[in-house]
Protein chains: 2
Amino acid sequence: MVKTQLGRSTWEFSKVRILSSAVAVGPLEGQGPLANDFDIIHEDLYIGQDTWEKAERKLFEEALDLSIKKAGLTKDQINLMIAGDLLNQIISASFTATYSQIPYLGVYGACSTSMEALALSAALIEGDFADYIVSGCSSHNSTAEKQYRYPTEYGGQKPPYAQWTVTGSGVAIVGKGLVGPRVKYATIGKIVDMGLKDPFDMGSAMAPAAVDTIVQHFKDTGRNPEDYDLIVTGDLASVGYPIAKKLLLEQGYDMSTVYNDCGLMIYSPNQEVFAGGSGCASSAVVTYGHIMKKLNQKEFNKVLVVATGALLSPISYQQGESIPCIAHAVAIENEED
Amino acid sequence: MVKTQLGRSTWEFSKVRILSSAVAVGPLEGQGPLANDFDIIHEDLYIGQDTWEKAERKLFEEALDLSIKKAGLTKDQINLMIAGDLLNQIISASFTATYSQIPYLGVYGACSTSMEALALSAALIEGDFADYIVSGCSSHNSTAEKQYRYPTEYGGQKPPYAQWTVTGSGVAIVGKGLVGPRVKYATIGKIVDMGLKDPFDMGSAMAPAAVDTIVQHFKDTGRNPEDYDLIVTGDLASVGYPIAKKLLLEQGYDMSTVYNDCGLMIYSPNQEVFAGGSGCASSAVVTYGHIMKKLNQKEFNKVLVVATGALLSPISYQQGESIPCIAHAVAIENEED
């Protein structure tokens, strides 16, 4: 029997590749340091639509269409769409599934959705359940502000440790083809809830979940930080990033030369985004734009993407509950020579 | 290579079983015709908690604990929890995952969540990614009313074609053991949106999606209605059920002797539930309570559960969008002699 399971919940894949990927982003992301790695940059947050929700969906549709085109496929050749987003009832993903007419499984992992979808896609490809799966997610700053916080017109002030929801969508075509970086491992995280309750301070809340999954990944695979060219968390930003780094060092893993965070990479320090980027598009657009480009150019050969999610809701926060956090890690790498 | 993929998105499994299942429900469900098939019946909708949301979570935790106990397992032997619910940010499932401390993947398919979770669980077991997966969902009448409709204190009137959200949770342990009904096939649906916009009339909106998936299942597997002892949809209720039946007949499938709907089965005609049950617990508690019992007693040998979901949100409705619907079908059966 092929061994695909390592430890409790780490999966090993032998024949799964990311055949193509595409990214569509909003104006602020298009002014950041990774702009050249994004396929489609919009100068208007409305993306030509009449609501923010339709704008987010439009980004998703664009990234989906372009990823399928880049893979040389058509929609009817894709077996499955595994996707999610941050909006209630994941309407961005579901309405994009109406548009795509691809059999659809919706997933929700807050900002960990990107790697949840990729891990499941890789497992279904490895298990011969599909030839091609489209895997992705979206977030939009204005839909997230409206739903999770205050109407932007209200002009509510935020603490400096708050984060800025990334506007964008990142989509990958996962399959068995002959080219493209391999999806080698996925480690599925469990909930870590340290009792934090401030919904603006996601970085502090999520950092221990990221650490839990990274340590589990190292234990299950026998790998260490130096086995990777880059390990990125999804959206811990400037508050959560140093916490994760310190907690990992305390557990014996020195991440100093290899570790970065998508929420820190996507914006430059002079952009006014508080502590940095967040939202499930943070890890999705950095991974499927920037990291995939570097992997394809062989500048990176082994990357571990650890998407981090805060699984609270406005209701759970209002009822005084703490924030359940989770992280899922996926190793994406070029073949050994 | 083992062939696990039939057609575009039907999966065949050879070694997946439902090792155990458990169901916890509220008072109205405990007064219905299937009461004897439910493990835990609460007489109080609050389930001893101080909010409806915590009450829903409590049902989920109880069903989860009991299903694991029935399988003779402990939580730390379970590799993965695949779960979802109807609440924003699927907090019932996510907080239950905090409680369980089992590595967790959240899914959202509205009322199709039950079979989405079971299909994914079966695929991951078949692909050797896990030994045991806990798969389930929950809904609660009062959390759903509060979130999707009006505060119940408001006393808003409903049309007779509205449905009644089932209060309950159904959970299954999926694995490779030697006993228990087999999960034989799963057919993943695509979105069907016929342009209907009335959020009270889910049955009419979802019926064509159920039909699309059932027909696809028959085509992909070569099966016909008479191959099953029972085919159930999740929650089409008294409005959607005859529509689905008629549409299937028009496509050449006479379902008259084999077809029922979980939303019609769970309540008796004299219970005041408008057109019948809905919510993802509708298919979950009927399947994991009633149907599993009948399969284990060999009264049924082959059952197709077609969970139906309406993937709208209050925002998408308010913005004038129609209702995207989906259905996923899973065949659960005893071994051939």
Side-chain angles (χ1 to χ4, degrees), chain A residues 1-5 8-9 11 51 53-54 76 79-81 84 86-91 93-95 97-110 113 116 119-120 123-124 126-131 147 187-191 193 309 311-316 319 321 324 326 328, chain B residues 1-5 8-9 11 51 53-54 76 79-81 84 86-91 93-95 97-110 113 116 119-120 123-124 126-131 147 187-191 193 309 311-316 319 321 324 326 328:
Chain A
M1 188 190 296
V2 180
K3 186 170 175 53
T4 50
Q5 185 194 344
R8 189 177 187 183
S9 61
W11 305 335
T51 71
E53 289 74 18
K54 288 180 190 165
D76 58 3
N79 300 95
L80 202 61
M81 171 174 169
L86 301 183
L87 295 189
N88 292 339
Q89 287 67 56
I90 57 167
I91 50 170
S94 295
F95 280 81
T98 306
Y99 167 79
S100 78
Q101 285 295 297
I102 298 169
Y104 165 63
L105 294 170
V107 292
Y108 182 78
T113 301
E116 172 176 352
L120 279 170
L124 293 173
E126 182 79 13
D128 294 319
F129 294 100
D131 297 314
Q147 176 179 289
T187 298
I188 306 302
K190 63 180 197 298
I191 305 270
D193 185 337
L311 302 175
L312 81 170
S313 81
I315 284 278
S316 71
Q319 292 183 353
E321 307 259 15
I326 201 161
H328 307 302
Chain B
M1 189 191 296
V2 180
K3 186 170 174 54
T4 49
Q5 183 192 345
R8 189 179 188 183
S9 61
W11 306 334
T51 71
E53 288 75 17
K54 288 180 190 167
D76 57 4
N79 301 96
L80 201 61
M81 171 174 169
L86 301 182
L87 295 190
N88 292 339
Q89 286 69 56
I90 58 168
I91 50 170
S94 295
F95 280 81
T98 304
Y99 167 78
S100 78
Q101 285 294 296
I102 298 169
Y104 165 63
L105 294 170
V107 292
Y108 181 79
T113 301
E116 173 177 351
L120 279 171
L124 292 174
E126 181 79 13
D128 294 319
F129 294 99
D131 297 313
Q147 177 178 289
T187 298
I188 306 302
K190 63 180 197 300
I191 304 270
D193 184 336
L311 302 175
L312 81 169
S313 81
I315 284 278
S316 72
Q319 292 183 353
E321 307 260 14
I326 201 160
H328 307 302

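Throughout, a chain's letter reflects where its sequence line sits, starting with A, and its residues are numbered from 1. Atom set for the values below is all heavy atoms of this structure, side chains included, hydrogens, waters and symmetry mates excluded.
The distance from the CD1 atom of A:I91 to the CD atom of B:Q319 is 6.5 Å, given to the nearest 0.5 Å. The distance from the CG atom of A:D128 to the CD atom of B:Q5 is 8.0 Å, given to the nearest 0.5 Å. Atom CG in A:L105 sits 4.5 Å away from atom CD1 in B:I188 (nearest 0.5 Å). Within the model, atoms CD1 of B:I326 and OG1 of A:T98 stand 8.5 Å from one another, a figure rounded to the nearest 0.5 Å. We find the OG-CD distance between A:S316 and B:Q89 to be 8.0 Å, quoted to the nearest 0.5 Å. Distance CD/B:E321 to OG/A:S94: 12.0 Å, rounded to 0.5 Å.
For the set A:P314, A:A130, A:S100, the count of heavy-atom pairs under 4.5 angstrom toward chain B peaks at A:A130. Per-residue counts of heavy-atom pairs under 4.5 Å with chain A were compared for B:T113, B:D131, B:T187; the largest is that of B:D131. No other option in B:K54, B:H328, B:Q101, B:Q147 has as many heavy-atom pairs under 4.5 Å with chain A as B:Q101. Chain B forms the most heavy-atom pairs under 4.5 Å with one residue out of A:A97, A:P103, A:S313, and that residue is A:P103. The most heavy-atom pairs under 4.5 Å with chain B, out of A:S9, A:A93, A:G106, come from A:G106.
Of the two parts of A:A110, neither the backbone nor the side chain holds a non-hydrogen atom closer than 4.5 Å to a non-hydrogen atom of chain B. The part of B:D193 that comes within reach of chain A is its side chain, from C-beta onward, which places non-hydrogen atoms under 4.5 angstrom from that chain. For a residue to count as touching a neighbouring chain, one of its non-hydrogen atoms must lie under 4.5 Å from one of that chain's; by this rule A:I102 touches chain B with backbone and side chain alike. Of the two parts of A:L120, only the side chain, counted from C-beta on, holds a non-hydrogen atom closer than 4.5 Å to a non-hydrogen atom of chain B.
Checking A:Y104, A:Y99, A:F95 one by one against B:P324, the side chain to side chain contact (heavy atoms under 4.5 Å, CB included) holds for a single residue, A:F95.
Among residues two or more places apart in sequence or in another chain, the side chain to side chain donor-acceptor pair (under 3.5 Å) test is passed with B:N79 by none.
The shortest distance between side-chain heavy atoms of B:I90 and A:L311 does not fall below 4.5 Å.
Contact detail for A:W11 and B:F129: the closest heavy-atom pair is NE1-O, 3.2 Å. For the pair A:R8 and B:D76, the tightest heavy-atom approach, listed with the atom from each and the gap, is NH2-CA, 3.6 Å.
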